[in-house]
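FYI, the numbering just counts along the sequence from 1. Below, each value reflects all heavy atoms present in this structure, side chains not excepted, and no hydrogens, waters or symmetry copies. Both ligands and their constituent atoms are indexed starting at 1 by order of listing. From a predicted model like this one, the values you see are computed outputs, not experimental measurements.
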Amino acid sequence: MSTAVADRFGGGIALVTGAGSGLGEAMAARLAADGVHVLVTDVDRDRATAVATACVAAGGSAAAHVLDVADGHAVDALFASVWAEHGSVDLVVSNAGIESGDRVCDMTPEQWRRVMAVNSDGAFHCARSAVPRMAAQERPGVFAVVASTGAVTSLPYQSAYVASKHAALALVQCLDLELRAAETPVQVSALLPNWVRTRIFDDVRRGGDPVDADARATFARMATAIQEQGMEPGRAASLLLEAVARGDFWCFTDPERTAQLFEERALTLRELRPPARPGWLTA
Ligand SMILES: NC(=O)c1ccc[n+]([C@@H]2O[C@H](COP(=O)([O-])OP(=O)(O)OC[C@H]3O[C@@H](n4cnc5c(N)ncnc54)[C@H](O)[C@@H]3O)[C@@H](O)[C@H]2O)c1
């Protein structure tokens with residue numbers, strides 16, 4: 001069956017960061033099923049290998065690479081070797097991301113920096129390395145960044161995550177303006193998933209539970225809500241990739257909920273409202 005993703009990217013090459021789990025894993029699977037050769041990259045070698053192996057077992061084409069997106073030199077080295085091998089890449093998805101769960105004042109500088117280094121610096125490193133290469137190739141590529149609906153909201157106990165996602169979204173918006181000013185034919189897309197059922201909260205828990213009791217309870221509530229109400233990753237990946245394939249800048253998993261969050265954000269700024277604790281956190 002022909003799909004927008006197969007029509008746009010079929011026969012081409014895509015690189016997805018953080019593709020060893022969750023949304024990235026589901027995007028890799030969907031792209032491979034649609035005839036794209038997928039470069040499955042992740043900081044965790046075993047996860048990347050397992051996902052690439054599953055893509056191939058399902059009849060697709062994929063290769064695994066270890067990549068820590070917080071390491072700009074590593075990003076550039078991998079991208080240089082990928083372009084040297086393949087000549088061009090049709091789609092890069094900067095997807096790798098980690099959560100945070102403590103109060104601002106309970107976080108160590110190292111915890112804060114790691115979240116920023118992965119979620120926002122990672123998007124910068126990928127943009128800096130991929131976009132000029134895509135601009136120089138014969139068939140213009142697409143550079144997509146997975147931000148979050150957290151990029152337009154404020155939440156207690158998630159300051160590093162929320163700040164990093166605001167930064168990632170701002171980066172993509174500025175990049176898009178710059179590319180259009182220079183008439184560079186590289187498509188840029190901002191992906192803002194709402195809740196997706198992944199292990200993102202389980203991974204951050206390995207670093208220890210939040211110090212503060214309310215932070216701990218809120219974090220546990222969010223982790224449960226993601227599992228109980230989050231969208232299935234395969235469906236989220238398909239919705240996002242179809243929007244990218246259509247050429248959209250804004251790509252959502254849940255357009256109605258996202259529009260509501262945009263409206264709340266606009267009201268907060270227009271009417272100078274103080275930040276409000278989201279109702280679902282207290283419910
Ligand atoms: N799950 C949600 O509800 C949700 C909502 C909005 C946005 N997102 C975003 O989606 C993206 C994917 O998250 P997910 O929910 O699939 O999480 P996940 O934890 O299931 O997968 C994230 C993957 O990124 C990898 N990773 C972590 N640090 C890395 C690094 N430094 N370099 C490379 N890879 C690294 C992990 O090993 C893991 O395989 C993230 O950017 C996240 O912020 C998720």
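A ring-centre distance under 6.0 Å is not found for H125 and H73. Taking the ring centroids of F262 and W250, they lie under the 6.0 Å cut-off.
Using cut-offs of 30° and 60° for the angle between ring planes, the F201 and F219 rings count as perpendicular.
More than 12 heavy atoms of other residues, nucleotides or ligands shown are found within 6.0 angstrom of CZ on R113.
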(request) Please step through side-chain contact (heavy atoms from CB on, under 4.5 Å) for the pair S120 and H166, ending with a clear verdict. (result) CA-CA 9 Å; S120 49; H166 275 67; over 6 Å; no

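Contact of the Q173 side chain with the E178 side chain is not registered, since no non-hydrogen atoms from C-beta on lie closer than 4.5 Å.
Contact shell of ligand 1 (protein heavy atoms, cutoff 4.0 Å): G18, G20, S21, G22, L23, D42, V43, R47, L67, D68, V69, N95, A96, G97, I98, R114, V118, V146, A147, S148, Y161, K165, P193, N194, W195, V196, T198, R199, I200, I226.
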